[in-house]
*Asks:* 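The following block contains the structure, expressed as structure tokens.
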Amino acid sequence: MSGLKRTVRKALASPSGMAGTLMLASLVTAAFIVAITGPDSAAQDIQNRLAGPGAGHLLGTDQLGRDVLARVGAAMRGSLWVAFAVAAISGAAGGLIGLASGYLGGWADVTSQRAVDALMAFPVIVLALGVVAATGPTKTGVVIALSVAFTPVVARVARASAISRRSAGYSEAARAMGAGPWAVVVRHVLPNALGPWVVVVSTQVGGALVAEASLSFLGVGAQGAGSLGSMLGREAQVYMSVSPWLAIWPGATLALTTLAANLIGDAVADASTTPPTR
Amino acid sequence: MFAYISGRLALSLVTLWLVSVAAFVLMRVAPGDAATASLALSPGEASLSLDQLERRRHELGLDRPYVVQYVDWMGDLLRLDPGRSAASGLPVISEVRPRLGVTMELATITLAMVAVLGAGSGLLAAAARGGWVDVFVRAFALIGLSTPAFWMGLIAIIALASWANVFVAASFTPLWEDPWVNLQAVLPAAAVLAVRPAALVARVARSTVSETLSQDFIRAARARGLNEAAVLWRHAFRAAALPVVTVIGVEALFLLGGAVAVEQVFGLPGIGRALVAGVIERDYPLVQFLLVLFGAFAVAVSLVVDVTCAWLDPRLRAV
């Protein structure tokens with residue numbers, strides 16, 4: 001466990017980790033300040049439709065006169081919520097599948113590995129679209145779809161580290177002293193296999209943000225101000241040539257949020273691969 | 001090499017079969033089926049009777065056991081006749097065929113851009129580390145990884161229209177009808193799609209080439225009096241080809257996914273757009289076939305990449 005703590009501390013102290021954390025924290029804080037003090041994201045100011053950035057509406061208004069800042073804030077909270085939910089669900093599911101198949105081996109392993117191969121053959125968006133066809137184009141549907149699409153990668157990483165920890169010296173020693181398989185997994189394999197798992201899960205957040213935005217953009221996810229992607233969808237596209245701000249603000253927010261998540265993910269990956277300080 | 005290729009081929013076939021099972025299962029988990037979808041879409045009918053539904057199910061063979069349905073569908077698939085679209089009533093294959101060419105054109109141009117720009121700029125960045133190409137490549141990699149291609153596409157369309165007076169047509173023109181109009185939509189689409197993979201390829205090429213450049217055989221080549229271009233091309237780049245090919249393969253898969261949203265932005269009637277429309281219209285026969293098609297592409301790409309890597313590096317030929 002201490003190794004994991006050291007990795008996380010080291011990641012947050014590195015320049016890119018610090019920059020990412022700072023960016024994400026300020027974006028989230030800004031979103032909450034907007035939610036508390038800003039105008040209602042659904043309120044329409046018909047007189048000032050498609051206004052540019054200015055005093056009354058800091059980032060301007062959309063085709064119905066709704067405040068773009070308030071909408072971007074609400075959409076960012078929606079998108080982040082989905083991204084973290086997907087990372088958590090796929091992390092837990094993939095971790096369990098990988099750990100079980102790596103530690104048990106045999107038929108369980110072969111079967112789950114072939115299933116992972118088959119699911120990884122689809123591009124993430126394509127698999128997610130296939131699952132959305134089954135779950136229905138809603139926010140919950142998107143969370144389920146992206147969790148299914150992101151689980152195989154986690155399972156593969158978790159399996160690889162479970163296999164290497166299974167035959168490690170400390171696991172052998174525990175078995176020799178009469179520990180049952182359950183005790184070996186929980187006390188020895190799991191804590192030591194957490195490092196690579198944290199790395200892959202933290203790099204998923206950025207990917208999940210982009211994937212969620214793509215699905216909502218395509219019209220099969222959260223609608224309206226529920227996601228940064230849907231703010232760029234068909235409805236808004238008609239007005240983008242008149243008022244480019246409608247395209248710029250949600251997209252730039254999405255890119256910055258993803259950049260922050262990717263910086264943190266990279267920092268975690270770097271911190272765990274660099275050898276311990278000499 | 002032969003043993004490696006045949007082993008790898010067998011594994012691909014297993015994966016492909018599982019891909020078809022996954023597509024089949026997903027469409028059976030879905031609420032309703034092709035019968036409800038096709039009846040719900042016929043105009044003027046607010047509700048439909050259970051009796052009607054049962055008859056339609058029987059017509060479409062949906063009342064048979066799943067295993068029978070799967071085997072039947074598999075047979076149709078092998079004869080390249082995967083049923084009819086629930087939305088249009090046309091054979092799925094005739095819906096998909098014209099769209100396949102569009103996606104192929106987009107993917108080919110994008111991959112060419114990725115290979116040339118990615119490997120080229122990575123090589124230049126490694127040759128002059130800390131130079132402006134190097135800074136550019138690193139900045140681009142960071143932006144490319146965090147900016148969705150579809151948003152870059154939206155911005156590109158607005159920018160082209162307001163600054164360059166180039167308008168991406170709302171309706172698509174095939175390449176052979178008017179190449180100029182066609183490329184006005186396809187080239188910017190390929191360019192935004194290429195940013196992320198090109199940046200990644202450049203990053204990998206840069207790090208492997210610069211690692212290779214510090215090795216003894218490069219010093220030996222320079223000592224023999226080879227000029228820098230020959231050192232870079234004949235020695236350093238060849239040694240770095242393996243990771244670059246691997247990244248291009250992984251990114252080709254990602255590109256297929258990214259193309260789905262980019263086709264939508266640029267109004268390209270490719271298979272990605274057909275997939276989205278199919279999902280929204282609950283056109284299960286079409287979606288099921290497109291899932292297999294995407295999976296088959298991906299399996300083929302990873303087969304080609306693995307075989308190329310084995311050809312480049314004999315150590316990888318052990319199965």
Side-chain angles (χ1 to χ4, degrees), chain A residues 16 114-137 145 148-149 206-207 209-211 213-215 217-220 228-229 232-234 236-237 240-244 246-248 250-252 254-263 265-266, chain B residues 11-12 14-23 25-31 142-143 145-152 154-155 157-159 161-162 167 252-261 264-265 272-273 275-276 278-280 282-284 287-288 290-291 294-299 302:
Chain A
S16 70
R114 289 288 83 78
V116 163
D117 276 351
L119 291 183
M120 279 179 78
F122 296 106
V124 166
I125 291 293
V126 172
L127 179 56
L129 277 169
V131 180
V132 165
T135 59
V148 171
L209 271 168
V210 172
S214 306
L215 288 182
F217 168 75
L218 292 169
V220 298
L228 290 167
L232 296 164
R234 200 154 284 273
Q237 275 169 39
M240 278 177 190
S241 51
V242 188
S243 179
L246 289 182
I248 292 170
L254 173 64
L256 279 179
T257 316
T258 313
L259 180 64
N262 282 342
L263 282 172
D266 281 359
Chain B
L11 197 62
S12 298
V14 173
T15 310
L16 198 55
W17 171 65
L18 285 167
V19 160
S20 78
V21 173
V25 169
L26 270 179
M27 293 306 105
R28 290 305 176 282
V29 174
L142 206 57
I143 296 169
L145 276 173
S146 308
T147 317
F150 74 83
W151 181 57
M152 281 191 260
L154 288 174
I155 298 293
I157 288 178
I158 297 172
S162 50
F167 294 92
L253 186 60
F254 189 88
L255 191 150
L256 274 178
V260 174
Q264 199 84 14
V265 172
R273 236 176 137 196
L275 179 68
V276 174
V279 168
I280 291 173
R282 307 209 155 211
D283 188 345
Y284 298 137
V287 173
Q288 195 172 316
L290 286 175
L291 285 177
F294 270 105
F297 268 136
V299 169
S302 73

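Each chain gets a letter, A, B and so on, in the order the sequences are listed, and its residues count up from 1.
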*Asks:* What residue, out of A/Ala260, A/Pro250, A/Ala261, A/Ser214, has the most heavy-atom pairs lying under 4.5 Å from chain B?
*Replies:* A/Ser214
*Asks:* Using a cut-off of under 4.5 Å for heavy-atom pairs, which of A/Ala252, A/Gly207, A/Pro244, A/Gly219 has the most such pairs with chain B?
*Replies:* A/Ala252
*Asks:* Could you tell me which portion of B/Val14 (side chain, backbone, both or neither) has an atom closer than 4.5 angstrom to a non-hydrogen atom of chain A?
*Replies:*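 For B/Val14, the contact with chain A is made by the side chain alone.
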*Asks:* So which atom in A/Asn262 and which in A/Gly206 form the shortest heavy-atom distance, rounded to 0.1 Å?
*Replies:*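 Scanning both residues, the minimum pair turns out to be OD1-CA, 3.6 Å.
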*Asks:* Of all residues at least two apart in sequence or in a different chain, which pass the salt bridge (Lys or Arg N to Asp or Glu O under 4.0 Å) check with A/Asp266?
*Replies:* none
*Asks:* Go through B/Val287, B/Leu154, B/Thr147 and name the one with the most non-hydrogen pairs under 4.5 angstrom from chain A.
*Replies:*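 Most heavy-atom pairs within the cutoff with chain A belong to B/Leu154.
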*Asks:* Main chain of A/Met240, side chain of A/Ser243: is a donor-acceptor contact present, judged purely on distance under 3.5 Å?
*Replies:*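 Between the backbone of A/Met240 and the side chain of A/Ser243 there is no qualifying donor-acceptor contact (under 3.5 Å).
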*Asks:* Can you say whether B/Leu290 sits under 4.5 Å from chain A via the side chain, the backbone, both, or neither, judging by heavy atoms?
*Replies:*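 For B/Leu290, neither part sits under 4.5 Å from chain A.
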*Asks:* Between A/Ala115, A/Pro137, A/Pro123, which has the largest tally of heavy atom pairs under 4.5 Å with chain B?
*Replies:* A/Pro123
*Asks:* If I measure from the heavy atoms of chain B, does A/Val124 come under 4.5 Å with its side chain, its backbone, both, or neither?
*Replies:* neither
*Asks:* Does any heavy atom of chain B fall under 4.5 Å from the side chain of A/Ile248, the backbone, both, or neither of them?
*Replies:*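 Both backbone and side chain.
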*Asks:* In terms of heavy-atom pairs under 4.5 Å, which option from B/Phe294, B/Phe150, B/Trp17 contacts chain A the most?
*Replies:*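 Sorted descending by pairs with chain A, the first entry is B/Phe150.
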*Asks:* Got a donor-acceptor contact below 3.5 angstrom from the B/Trp151 side chain to the A/Gly229 backbone?
*Replies:*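 Side chain of B/Trp151 to backbone of A/Gly229, a donor-acceptor pair under 3.5 Å: no, none is there.
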*Asks:* Hey, are the side chains of A/Leu232 and A/Leu228 touching, using non-hydrogen atoms and a 4.5 Å cut-off?
*Replies:* no
*Asks:* Could you state the interatomic distance from CG (B/Leu256) to CZ (B/Phe297), rounded to the nearest 0.5 Å?
*Replies:* 6.5 Å
*Asks:* Look at B/Leu255, B/Ile157, B/Leu18, B/Leu16 and state which one has the largest set of heavy-atom pairs under 4.5 Å with chain A.
*Replies:*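 Of the options given, most contacts go to B/Leu18.
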*Asks:* Given a strict heavy-atom distance threshold of 4.5 Å, which part of B/Leu253 is in contact with chain A: side chain, backbone, both, or neither?
*Replies:*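 Both backbone and side chain.
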*Asks:* Considering only heavy atoms, which portion of B/Leu26 lies under 4.5 Å from any heavy atom of chain A: side chain, backbone, both, or neither?
*Replies:* both
*Asks:* Going from CG on A/Leu215 to CD1 on A/Ile125, what distance comes out if it is rounded to the nearest 0.5 angstrom?
*Replies:* 4.5 Å
*Asks:* Taking side chain as everything from C-beta outward and backbone as N, CA, C, O, which of these in A/Ala128 sits under 4.5 Å from a heavy atom of chain B? Side chain, backbone, both or neither.
*Replies:* neither
*Asks:* Under 4.5 Å from any heavy atom of chain A, what part of B/Ala261 do you find: side chain, backbone, both or neither?
*Replies:*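 Both backbone and side chain of B/Ala261 come within 4.5 Å of chain A.
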*Asks:* Find the distance between CG (B/Leu275) and CG (B/Leu291) and round it off to the nearest 0.5 Å.
*Replies:*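 Those atoms lie 6.0 Å apart.
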*Asks:* Got a sec, which residues hit salt bridge (Lys or Arg N to Asp or Glu O under 4.0 Å) with A/Arg114, two or more places apart in sequence or on another chain?
*Replies:* A/Asp117
*Asks:* Do you know which of A/Leu218, A/Val210, A/Val132, A/Leu254 has the most heavy-atom pairs under 4.5 Å to chain B?
*Replies:*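 Going by pairs under 4.5 Å, I would pick A/Leu218.
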*Asks:* For each of B/Gly278, B/Gly295, B/Ser20, B/Ala159, tally heavy-atom pairs with chain A at distances under 4.5 Å, and name the one with the top tally.
*Replies:* B/Gly295
*Asks:* Tell me the closest heavy-atom pair linking B/Val19 and A/Ala121, and the distance in Å.
*Replies:* CG2-CB, 3.9 Å
